[in-house]
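What you see is a predicted model; the values in this text were computed from it and never measured. The basis for the numbers below is simple: all heavy atoms, side chains too, and nothing from hydrogens, waters or symmetry mates.
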Amino acid sequence: MARGKLRIHLGAAPGVGKTYAMLSEAHRRVGRGTDCVVGFVEHHGRPRTEVMLHGLEQVPRRELEYRGGVFPEMDLDAVLARRPQVALVDELAHTNVPGSRNAKRWQDVEELLAAGIDVVSTVNIQHLESLGDVVESITGVRQQETVPDEVVRRADQVELVDMTPEALRRRMAHGNIYQPDKVDAALSNYFRPGNLTALRELALLWVADRVDAHLTQYRSEHRVSAIWGSRERIVVGLTGGPEGRTLIRRGARLAEKGAGGEVLAVYIARSDGLTSASPKELALQRTLVEDLGGTFHHVVGDDIPAALLAFARGANATQIVLGSSRRKTWQYVFGPGVGATVARESGPDLDVHIVTHDEVAKGRGLPVARGARLGRSRRVWGWIAGVAGPPLLAVLLNTVDLGLANDMLLFLALTVAAALLGGLLPALASAAVGSLLLNYFYTPPLHRWTIADPNNIVAIVIFVAVGVAVASVVDLAARRTHQAARLRAESEILAFLAGNVLRGETGLEDLLERVRETFGMESAALLERAGDVEPWTCAGRVGRGRPVERPDQADVDIPVGDHMALALTGRVLPAEDRRVLAAFAAQAAVVLDRRRLQEEADRARTLAEGNRIRTALLAAVSHDLRTPLAGIKAAVTSLRSEDVEWSEEDRAELLEGIEEGADRLDHLVGNLLDMSRLQTGTVTPLIREIDLDEVVPMALGGVPEGSAGLDVPETLPMVAVDPGLLERAVANLVENAVKYSPPGAPVLVTASALADRVEVRVVDRGPGVPDEAKERIFEPFQRHGDAPRGAGVGLGLAVARGFAEAMGGTLNAEDTPGGGLTMVLTLRAAGARPELQPAAEPERQTS
C-alpha cells in the first residue's frame with residue numbers, strides 16, 4: 001500500500017492562523033471532490049476557526065477518563081475504519097491522555113500515513129525537539145510537548161504560516177486568540193515583541209534550511225555541479241578603475257544570496273608602478289561599499305595575486321570577485337594576469353568570479369608586469385635579448401656582408417633593446433657578448449680574438465660605452481618610476497588614514513587593525529610607560545600573534561616620543577616601509593590622546609551632571625520641605641493656643657495633619673538620601689538569596705488598603721538581591737502607580753520567572769506615558785504631566801532604577817494592554833531554577 005503524504009502548517013507561535021489555514025485547505029480539497037474528514041481539530045474557542053469547521057465531516061472523538069476528568073482525544077481506530085483520502089489532525093506535538101494507543105499524536109499520524117491516508121497537520125516551531133533549549137532561553141518556558149525533528153522533516157510539504165509580531169499582538173489584544181482574562185498575562189509574558197520576533201526568526205530559518213536541503217537533493221539528483229553557499233564572505237578586488245563600482249555591486253548581490261553574507265572590498269597599493277588608481281574613484285567606491293553594508297580595506301603588496309589571496313584567506317573569505325583584465329591582447333605575452341593567477345592559485349577553498357565590465361581590453365595606462373622596478377617578465381626578455389640575441393644576429397650577418405660599421409650599429413641596437421627590456425645587467429651582457437662576436441667574426445684578423453686595426457678597438461669601446469650608458473639611463477628611469485609609485489602608494493594610504501581620523505571614524509583598535517592589515521603583520525600593539533625606568537604597559541592590541549610586553553620583543557618597533565612605541569610581530573619590514581609606519585605610529589598616539597581627552601570630558605560631564613542635580617535638589621527642597629513643615633508648625637501652634645477651645649474632632653484632625661506632614665517629610669528625606677547615595681556611588685548592596693514573597697508584601701505597607709493587589713506565586717525561584725534595596729524600589733514603584741491610578745482601579749503587583757531571571761511587574765490603569773517620555777521619567781526631578789509640586793520632587797522612579805541597577809537588575813516602563821503603565825523590574829534568579837510553566841499556556845496541553 002502506498003504511504004500517505006503529510007502536509008504540515010508550521011507557525012512561529014499560537015494564533016498565527018495555522019488551524020485556519022488547514023481548514024481553508026480542507027474546504028478547497030472538498031470543493032475539488034476530495035474525500036476529506038476532520039480527525040481532530042481544536043478551535044480553542046476562537047469563533048472564526050469554529051466557523052471553518054462547518055461543512056466538514058468530523059469523526060467523533062474518543063473520551064478518556066484520567067484523574068477524575070474526562071478528556072477528548074482523536075479516535076484513531078474510527079479514522080482508520082473510515083479510510084478517507086485526507087484526514088485533518090491538529091496539534092502534531094500533542095501528548096495523548098494515558099490509556100491511548102500511542103503516547104504522542106504524531107505517532108497516531110504515522111499510523112494514518114502507513115495506512116495510505118494523507119494527513120494535514122499543524123505544529124509550532126517551539127515544539128521541535130532540537131529547538132527546546134533555544135526556545136527556553138528566549139521565552140523562559142520549557143516546552144513539555146515536542147515532536148522529533150525528523151517527523152517534520154519527512155513531511156512532503158511544510159507551509160509556513162507567518163504573521164508579524166505586531167499583528168499577532170493586536171489579535172491577542174482583540175481577544176481573537178485567548179480569553180479576555182488571559183490576554184494581559186499573555187502579552188506581558190510569552191507574547192512579548194522580542195519573544196515573537198525571535199520565534200519568527202527561528203521558523204523562517206528552519207524553513208529556509210529545509211528549502212536548502214531540498215535544493216541539495218535536487219542538485220544531486222540532476223547532477224548540478226554549481227555550489228550555492230548559505231553564508232558567504234565575498235572579497236572584491238579593486239584596481240582603482242571605474243569598473244570597481246560594477247564589481248562591488250556584483251559582490252553585494254552575491255552576498256545577498258546567502259544568510260549573513262558580507263562584502264570586503266580591498267585595494268592593493270603596489271610599489272612597482274603598475275597601478276593608476278584615481279583617489280577620487282577610490283573614495284567613491286569606498287562610499288559605495290559602505291552604503292551596501294560592506295567594508296573597505298587598503299593593503300600594500302608588491303605581488304598583487306599573492307597579497308589578494310593572503311587577505312582573502314586571512315579574512316576567511318569564501319569567494320573572490322575580480323574584473324576581467326583591462327590589458328590589450330598583445331600585453332598577455334608578459335604573463336597571464338592577476339585574474340588568471342588568482343584563479344590558478346586559489347585552491348579548492350576559494351571560488352573566483354571574473355566579472356566582465358565596460359573597461360575590458362581598453363588598456364591600463366601603464367605596462368603590466370610583476371616584481372620590483374622592471375618586473376620579472378621584462379627582465380627575462382631582456383636577458384634573452386642580451387645573451388641569445390647577439391649569436392642569432394651574428395648568424396644572420398654571416399650570410400650577408402654589410403661592413404663593420406653597419407654590423408656594429410646592429411649589435412648596438414640589440415644592446416639598446418636589451419637595456420630597454422631588462423635594464424643594466426642584460427645590456428652589459430649584450431655589450432660583452434656582442435663585442436666578442438664583433439672581434440671574432442668581423443674585425444681583422446677574422447676568427448681570432450685579436451684586433452689588428454686600432455680604429456676598430458676605438459669602435460668597440462664606443463659600442464660598449466654606449467650600451468652601458470643606455471642601460472644606466474633605463475635602469476635609473478625604472479628606479480625613479482619605482483620610487484614615484486612607492487611614494488604615491490604611501491600618500492594614498494596616509495591620505496586615507498588622515499581622512500578617517502579627521503572624521504573621527506577610527507578608534508585606537510581600529511587604527512592598529514589597519515596597521516596590521518596594511519603591512520601584513522600578525523599583531524600590532526601600542527606600548528607606553530610613565531617614565532624611563534617604569535615598566536611598559538599595553539594601551540591597545542590587535543591580532544593573534546605572540547604577546548609583546550616590551551618594544552625589543554617585537555619584529556618591528558617604531559618609537560613615538562620618549563615613552564611610547566608601536567610594536568608589530570610577524571616579519572621584519574624593509575626600511576622604506578618604516579617611513580609610513582612612523583606616520584601610523586604618530587597617528588596612533590594622537591588617537592590615544594584623543595580617547596583619553598574624551599574620557600576626561602565624560603568625567604567632567606558626569607561632575608557637571610552631579611552639580612546640576614545638586615542645584616535642582618536645592619531648588620526642589622526649598623518648596624517641598626517647607627510645605628509639610630509649615631503645615632506641621634501651623635497645626636502644633638493651633639493645638640498649643642489657649643485662646644481657642646478645640647473639639648475632639650478638631651484636635652484629631654490637626655494631629656492627623658501633623659502625622660501626614662511627618663510622613664511626607666520622612667518619605668522625602670529618605671528619597672533625598674537615597675539619591676545622594678546613588679550620585680556619590682556609595683550604594684553597596686548586600687546580595688543574598690531570598691524569596692520574593694518575603695520582601696514584596698512589605699513594600700505595599702505604605703499605600704492605602706485596597707489600592708494595590710499582589711500576585712507572587714510561591715513556586716518562583718529565589719532571587720539574588722539586597723532585601724532592603726528591593727523593598728524600597730518596589731515601594732517607590734507602587735506609590736508612583738497608586739498616585740496616577742484612577743479610583744476603583746487598584747494597582748496589580750505580579751511576578752513571574754523567565755529563564756534565568758525573575759520579573760516583578762507593577763501594573764496601573766492610569767493615563768500612561770508616551771513612548772518618547774518612557775526614559776525621561778527615570779531622571780531625577782521629573783514629574784509626569786502637570787503634577788503639582790506638592791506631589792513630590794520626582795525622585796521615586798530615579799531611586800528605584802538606581803537600586804535595581806545596583807543589584808544587577810533593570811527597570812523599564814511598558815504600556816499596559818488596554819491603557820496604563822507597567823513598570824518591569826528584572827532581577828537575577830539565584831541557584832538552579834525549577835521547571836516553569838508559562839503564565840498563559842501557548843497551546844492546549846493534556847497529560
Side-chain angles (χ1 to χ4, degrees), residues 205 208-270 275 282 285-286 288-299 301 303-327 332 335-361 364 368 370 517 520 544:
L205 290 175
D209 179 68
R210 189 174 187 273
V211 171
D212 186 67
H214 278 285
L215 286 176
T216 302
Q217 180 181 359
Y218 177 85
R219 292 196 303 268
S220 176
E221 292 175 353
H222 294 79
R223 298 181 180 180
V224 178
S225 59
I227 299 176
W228 303 327
S230 59
R231 295 182 183 271
E232 300 291 348
R233 178 168 287 184
I234 316 295
V235 170
V236 179
L238 303 177
T239 64
E243 76 278 4
R245 282 171 278 179
T246 301
L247 302 183
I248 291 171
R249 293 188 181 96
R250 178 62 61 86
R253 290 197 296 271
L254 289 173
E256 289 174 356
K257 292 182 179 180
E262 183 180 356
V263 177
L264 299 90
V266 56
Y267 169 66
I268 309 295
R270 294 178 55 174
T275 57
L282 280 179
Q285 293 173 15
R286 176 181 182 272
L288 175 61
V289 71
E290 290 177 349
D291 290 342
L292 293 174
T295 56
F296 186 90
H297 303 266
H298 201 122
V299 177
D303 190 334
I304 288 183
L308 186 60
L309 288 171
F311 176 85
R313 292 192 174 101
N316 196 27
T318 57
Q319 301 184 56
I320 297 178
V321 175
L322 298 174
S324 296
S325 179
R326 288 188 291 159
R327 293 187 297 172
Y332 282 94
V338 173
T341 304
V342 170
R344 183 181 66 246
E345 299 178 0
S346 61
D349 55 340
L350 275 174
D351 295 336
V352 179
H353 300 266
I354 305 298
V355 179
T356 59
H357 50 83
D358 294 338
E359 304 297 319
V360 174
R364 298 176 57 89
V368 178
R370 290 193 300 273
E517 180 183 271
R544 61 182 183 278

With side chains defined as the heavy atoms from C-beta onward, is the minimum distance between [X] and [Y] less than 4.5 Å?
| X | Y | result |
| --- | --- | --- |
| Leu309 | Leu350 | yes |
| Leu308 | Val235 | yes |
| Arg250 | Ile234 | no |
| Val352 | Leu322 | yes |
| Val299 | Tyr267 | no |
| Leu254 | His353 | yes |

- request: Quick one: pull up OG1 in Thr341 and CD in Glu345 and give me the separation to the nearest 0.5 Å.
  value: 6.0 Å

If you compare all heavy atoms of [X] against all heavy atoms of [Y], which two are closest, and at what distance to 0.1 Å?
| X | Y | answer |
| --- | --- | --- |
| Gln285 | Ile248 | O-CD1, 3.5 Å |
| Leu247 | Gly323 | CD1-N, 3.5 Å |
| Val236 | Gly251 | CG2-CA, 4.2 Å |
| Val263 | Ala255 | CG2-CB, 3.7 Å |
| Val338 | Ile304 | CG1-CG2, 3.8 Å |

- request: Ignoring hydrogens and angles, tell me if any N or O in the side chain of Ser324 forms a donor-acceptor pair with the backbone of Val355 under 3.5 Å.
  value: yes

message: Is there a side-chain contact (heavy atoms from CB on, under 4.5 Å) between Glu290 and Leu292? Walk through the geometry before answering.
response: CA-CA 5 Å; Glu290 290 177 349; Leu292 293 174; over 6 Å; no

- prompt: Would a line drawn from the ring center of Phe311 to the ring center of His297 be shorter than 6.0 Å?
  reply: yes

- request: Assess whether side-chain contact (heavy atoms from CB on, under 4.5 Å) is satisfied between Phe296 and Val266, documenting all intermediate values.
  value: CA-CA 6 Å; Phe296 186 90; Val266 56; over 6 Å; no

